[in-house]
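Structure first, then comments.
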Amino acid sequence: MPIQKPRGTEDILPGQSEAWQYVEQRVREWFTRYRYREIRTPLFEHTELFQRGVGETTDIVEKEMYTFADRKGRSLTLRPEGTAGVVRAFVEHKLYAEPDVVKLYYLGPMFRYERPQAGRQRQFHQIGVEAFGSLDARLDAEVMELAWRIFTDLGVQNLRLDVNSVGCPACRPAYRQALVDQLAGVKDELCPDCQSRLLRNPLRVLDCKQERCKALTQDAPTMLDHLCDSCRTHFSAVREALEALGVPHTVNPRLVRGLDYYTQTAFEFIVEGEGHLAGTICGGGRYNGLVAELGGPDVPGIGFAFGVERLLYVLAAQGTRLPAGGDLDCFVIALGEAAKNQALLLAQRLRAAGLSADIDYLDRKLKAQFKVADRYGARFAVILGDDELARGVVQLKNLATGEQDEVPLAGVAEAVCQRLDRREG
RNA sequence: GCGACUAUGGCGAAGUGGUUAACGCACCGGAUUGUGGCUCCGGCAUUCGUGGGUUCGAGUCCCACUAGUCGCCCCA
């Protein structure tokens, strides 16, 4: 048995990689327009960073981290998410030194030790942004608008934006207690999962999909009713700014995010639909205490991250066509030794002129070379046989229209460029 | 981490204990001289995820492992 890829990993093969490149190129363009700049942080960090940054009691830290000891016995962990590393770098390099809002984006692989399923791998890819240094609700709204812009640009259908406020250290504890008190009365009627949630993370009970639990929590208090003044003011300002930006959204008081560091604004982009078509593709929110928690000054932050696999999955399921690549400008068909030598040189010149070109290396017959040209999606076939070689010309055939004419060997690149209405270069 | 199902050539897929493992697609070659399609002909798995067991005999039964899929937990 040959060695196989590790469980939960994926090879992104030609045909698929083009879609990835397309998505990456589009998001980079949008990020740049909003003045986000790329940051590339290590794929592994000290384990402690995630324990402190993501939260000791989160599932990620408790059971999903790829943790290992290096040769000197240091505990390192493959990053399970992007924010902690970015915040660490932000603090370590004192990017807060300038009195500016710092806008950063990242993209790359993340690692979580989980049972693989559709849309869930052990190595997966996230693209995200983090904006540091402002409490302005307009920034919250702009961050969401940016994500909205990207998803609509890429053609995601049936997209919904849910927003909520999860409060802050000033108001959340009291709410949390109120919720626990309320639910204590019906504890025995909740599903087993919710009974354990009640102890670990009571807010999550509100997010249960069980009908019974939904009913029992129907009139449970919501965070929104318990926000302190500053959180309430902030939340309404966020909604106003979203309205002003024309971003459709739904206030979902039951929206809870899994990571500990969120304060105030929390949001999710959800694709509505049946079965696998549905689900959260992007989550984000504000984390005003995280920078300080990780040893930096008291600088607020807000960001989002989305999974590339899930995004591509949704787009594919919705029938959105993304580039699959494989196009070729010219395929040089050569017959005979001398012509094959010349074909190699001709391909070199075509490429130098900015065209993509390939030749046959398998000594195929003329007919077979034509078939190959078709399979490669070549726009032009350049035919070079003994006769052409002797006369210093080639047959240039447009494979889409079938038109064929003779052009001088020296002018092939120019002729192709002209026909493609493309500048030589 | 728990539960269920699945695993045959590059892909899809028959085969449900008995000698040489259907078929379709793709691919390669040919149907007399240098033009892509179609048609026709030919080729293409000493082998059925891996290892072990039962049996006179296993792709077909059993066990383990690995991997995939689905559900749960959680999440991207």
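Heavy atoms of A/I60 sit nowhere under 4.0 angstrom from any nucleic acid atom. Note on A/E64: only backbone sugar-phosphate atoms sit closer than 4.0 angstrom, heavy atoms only; bases stay farther off. Residue contacts shown for A/G8 are limited to sugar-phosphate atoms, with no base heavy atom under 4.0 Å away. Across all strands shown, A/F304 has no heavy atoms under 4.0 Å from either base or sugar-phosphate atoms. Within 4.0 Å (heavy atoms only), A/Q369 reaches no atom of the nucleic acid at all. Within 4.0 Å of A/F124, counting heavy atoms only, lies at least one base atom of the nucleic acid. If you check every strand for non-hydrogen atoms under 4.0 Å, A/I281 touches sugar and phosphate atoms only.
The closest side-chain donor-acceptor pair between A/Q177 and A/D181 falls under 3.5 angstrom.
Close to B/C75, at under 4.0 Å from its OP1 or OP2, lies no side-chain N or O of A/R112.
Partners of A/R52 under the side-chain hydrogen bond (donor to acceptor under 3.5 Å, both in side chains) rule, at least two apart in sequence or in another chain, are A/E48. Remark: A/R351 pairs with no residue by the side-chain hydrogen bond (donor to acceptor under 3.5 Å, both in side chains) rule, at least two apart or across chains. The side chain to side chain contact (heavy atoms under 4.5 Å, CB included) check on A/K367 picks up nothing, with sequence neighbours excluded. With sequence neighbours excluded, no residue satisfies ring-ring contact (aromatic ring centres under 6.0 Å, His included) with A/F235.
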Between the protein and nucleotides 3-12 of chain B, are there any N/O to N/O pairs under 3.5 Å, and if so, what are the atom names and distances?
| unit_1 | atom_1 | unit_2 | atom_2 | d |
| --- | --- | --- | --- | --- |
| B/G3 | O6 | A/R115 | NH2 | 3.1 |

When you compare the protein's N or O atoms with those of nucleotides 39-44 of chain B, which come within less than 3.5 Å of each other, and at what distance?
none

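The CZ-C1' distance, from A/R7 to B/C65, rounds to 12 Å in whole Å. Counting to the nearest Å, the P atom of B/G51 and the CD atom of A/Q4 are 13 Å from each other. The CE-C1' distance, from A/M65 to B/C74, rounds to 15 Å in whole Å. When rounded to the nearest whole Å, the span between NZ of A/K63 and P of B/C2 equals 11 Å. A/L366 has its CG atom 15 Å from the C1' atom of B/U32, to the nearest Å. Taking atom CZ of A/R375 as the reference point, atom P of B/U35 lies 19 Å away to the nearest angstrom. A/E406 places its CD atom 15 Å from the C1' atom of B/U35, with the value rounded to the nearest Å. Atom OH in A/Y262 sits about 11 Å away from atom C1' in B/A76, given to the nearest Å.
Between the side chain of A/K367 and the base of B/U35 there is no donor-acceptor pair of N/O atoms closer than 3.5 Å. The base of B/A76 lies close enough to the side chain of A/E114 for a donor and an acceptor atom to sit less than 3.5 Å apart. A donor N or O paired with an acceptor N or O is not found under 3.5 Å between the base of B/U69 and the side-chain atoms of A/Q117. Applying the 3.5 Å distance criterion, the base of B/G34 shares a donor-acceptor pair with the side chain of A/E388.
B/U20 sits 14 Å from B/U46 when the P atoms are compared, rounded to a whole Å. Separation of the C1' atoms belonging to B/G51 and B/A13 is 27 Å when rounded to the nearest angstrom. Spacing between B/C38 and B/A26 at atom P, rounded to whole Å, works out to 8 Å. B/U55 and B/G18 are spaced 12 Å apart, taking the C1' atom of each and rounding to whole Å. Nucleotides B/C28 and B/U16 have their C1' atoms positioned 35 Å apart, rounded to a whole Å. When the C1' atom is compared between B/A4 and B/U8, the two are found 23 Å apart, to the nearest whole Å. Rounded to whole Å, the separation between the P atoms of B/C5 and B/A64 comes to 13 Å. For the P atom pair drawn from B/G24 and B/G43, the interatomic distance equals 13 Å after rounding to whole Å.
A/F90 and A/F132 have parallel rings, their planes meeting at less than 30° on a 0 to 90° scale where 60° marks the start of perpendicular. Classified by interplanar angle (parallel below 30°, tilted 30° to 60°, perpendicular above 60°), the ring pair A/Y262/A/Y287 is perpendicular. Taking the six-membered ring for Trp and thresholds of 30 and 60 degrees, A/Y376 and A/F331 have ring planes more than 60 degrees apart, a perpendicular arrangement. Taking the six-membered ring where tryptophan is involved, the planes of A/F304 and A/F31 are tilted, since the angle between them lies from 30° to 60°.
A cation-pi arrangement is not found for A/R122 relative to A/F111, the charged atom failing to lie both closer than 6.0 Å to the ring centre and inside a 45° cone about the ring normal.
Between A/F151 and A/F269, the ring center distance clears the sub-6.0 Å criterion. Taking the six-membered ring wherever Trp is involved, the centroid distance between the rings of A/Y105 and A/Y34 does not fall below 6.0 Å.
With a cut-off of 3.5 Å on both pairing distances, B/U55 has no Watson-Crick or G-U wobble partner at all. When both distances must be under 3.5 Å, the Watson-Crick or G-U wobble mate of B/A7 is B/U66. Under the Watson-Crick or G-U wobble criterion, with both distances below 3.5 Å, B/U19 has no partner in any strand shown. Using the Watson-Crick or G-U wobble rule with both distances under 3.5 Å, B/C38 pairs with nothing in any strand shown.
Side chain of A/K371, nearest nucleotide from B/G68, B/C75, B/G36: B/G36. When distances are taken from the side chain of A/Y113 to each of B/G1, B/C74, B/G34, the shortest belongs to B/G1.
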Walk me through whether A/L355 and A/F380 qualify under side-chain contact (heavy atoms from CB on, under 4.5 Å). CA-CA 11 Å; A/L355 297 163; A/F380 287 92; over 6 Å; no
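Positionally, the nearest nucleotide of RNA chain B for A/E10 lies more toward the 5' end than for the other of A/L311 and A/E10.
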